[in-house]
There are 2 protein chains.
Amino acid sequence: MFNIVEKDLRERIKEVAVEHFNSNGYHGTTIRNIARDVNCSLPMIYYYYNNKKELFDEIIKKEYFDLLKRQAALLRTNNIIDFYTKFVYDLNSLSNYDKKVYRLGIKVYLSFDGDEELMEIMDEWEKTILPRHYQILKPYLKNADNDLAIVRTLVHLLETLIESIVVKNRFLSEEEIREEISIVLHGCE
Amino acid sequence: MFNIVEKDLRERIKEVAVEHFNSNGYHGTTIRNIARDVNCSLPMIYYYYNNKKELFDEIIKKEYFDLLKRQAALLRTNNIIDFYTKFVYDLNSLSNYDKKVYRLGIKVYLSFDGDEELMEIMDEWEKTILPRHYQILKPYLKNADNDLAIVRTLVHLLETLIESIVVKNRFLSEEEIREEISIVLHGCE
DNA sequence: TGATAATCCTAACGAACGTTAAATAAGGAG
DNA sequence: CTCCTTATTTAACGTTCGTTAGGATTATCA
């Protein structure tokens, strides 16, 4: 009746699971510990999720990819360097939950967790990355010979910056982000 | 007596352990499976290593950091772009064992495995990275205002390239490596 | 050869795991 | 009030885990 203050149990389970999978990996996470932190009984987790793997998969397939798409949708601006700087800088203020989902996704992306099925989904997504950034950068690129290399380098740099913020949980200032992106995109303004 | 063909059992255990920790993570790896693949009895692993964690720690503390130091020692040349290109390119031909040790180390570095003690060792090493590359790049840097940013960007790019080769197990051609490094180090020749 | 130390094995321990059966509680519909 | 669905619990199943006790085998060398 007055269950407004308390989130849906199913959702709370998922949130705690993100925390645990993040800190202890798939095999290091136990349903019992999740239940303890959620403050519910152990079988309740089986009431909402068929098994451990299904819980993990839902986090990656829904939460992580939703997050990626939300991030990708942000991408519009006039100045290309401002644009990418803001894109990375805003990751600093991602919610803790989103950061952990992101981190977990990167873990699967690097084959540090998850299984082959999830990896295939990751590969599919990865194929879209370079073309997408190429489209964004196209109007700003000048000489045709190393255009693709610039896009590749930028994507590589973005990867490390994202990793720093999301995985290593560091704060990167707008200035240092801008400096590095400017070095790769020098001449593109 | 004629044990020449067969490697030291202790060493073989470690090699198989690298394989398992790599594929399944710390918690996903079982002593029993290691023993099976080594073709020895289960308690033999406890004969050479006090417990599972000690086995894992030895791989990171000895094998991984030995590898990092071996790699860092390679760094001398005339042309700075050639130099870094070769540095990355040569990772392609690392032995499978070394690649797996490297991968495992990165996993710990990103806090995806291991514990806090190992993380501290990682942090110590990390502090040496920027100064070391700054020393190497110093003679080639020109204007003082964004010198440090160039070093940082290069180190970040190197990180992703290393991850591509070692973690994602991709082959990167010398040309694409050179292109990306040249973009970051444009003007430094 | 025979003692001593280094290797190696079979067998088992207790604990923790993923998962499920079965019962109970709560809440609205008729 | 009864019935039925949904939500939740206690208790346990079988399995696998890390680890160890205790004995067997093999090498070393006086």
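Lettering follows sequence order; numbering is per chain, from 1.
Between the P atom of D:dT6 and the CG atom of A:Asp8 lies a distance of 15 Å, rounded to the nearest Å. In this structure, A:Met44 atom CE and D:dA11 atom P are separated by 18 Å, rounded to whole Å. Atom CD1 of A:Ile45 and atom P of C:dT20 are 14 Å apart (whole Å). Summarising the geometry, the separation between CG on A:Leu55 and C1' on C:dG18 is reported as 13 Å, rounded to the nearest angstrom. Between the P atom of D:dT19 and the CD atom of B:Glu54 lies a distance of 10 Å, rounded to the nearest Å. Rounded to whole Å, atom P of D:dT26 lies 16 Å from atom CG of B:Leu9. B:Tyr48 places its OH atom 10 Å from the P atom of C:dC9, with the value rounded to the nearest Å. Regarding A:Arg10, its CZ atom lies at a distance of 15 Å from the C1' atom of D:dT6, rounded to whole Å.
Figure legend: B:Arg178 and B:Tyr89 shown without cation-pi pairing, the cationic atom not lying both under 6.0 angstrom from the six-membered ring centre and within 45 degrees of its axis.
Salt bridge present: B:Arg170 and A:Glu126 bring a charged side-chain N and a carboxylate O closer than 4.0 Å.
Not one side-chain nitrogen or oxygen of A:Tyr47 sits closer than 4.0 Å to the OP1 or OP2 atom of C:dT20. OP1 or OP2 of C:dT19 has at least one side-chain nitrogen or oxygen of A:Tyr46 nearer than 4.0 Å.
With hydrogens and angles left out, the side-chain atoms of B:Asn24 and A:His27 include no donor and acceptor closer than 3.5 Å.
Using a 4.0 Å cutoff on non-hydrogen atoms, the parts of residues 19-34 of chain A near DNA chain D are A:Arg32, ordered by number.
When the nucleotides C:dT19, D:dT9, C:dA11 are ranked by their closest atom to the side chain of A:Pro43, D:dT9 comes out on top. For B:Lys52, taking side-chain heavy atoms from C-beta onward, the closest of the listed nucleotides D:dT9, D:dT19, C:dT7 is D:dT19.
With hydrogens and angles ignored, the 3.5 Å screen pairs no side-chain donor or acceptor of A:His133 with any backbone N or O of A:Leu130. Judged by distance alone, with hydrogens and angles left aside, the side-chain atoms of B:Asn92 form a donor-acceptor pair with the main-chain N or O of B:Leu172 at under 3.5 Å.
Between B:Glu176 and B:Ser173, the shortest heavy-atom contact is OE2-N, 2.8 Å.
Put simply, the residue from B:Lys52, B:Arg10, B:Lys53 that forms a salt bridge (Lys or Arg N to Asp or Glu O under 4.0 Å) with B:Glu58 is B:Arg10.
Among the heavy atoms of the strands, none lies under 4.0 Å from A:Tyr49.
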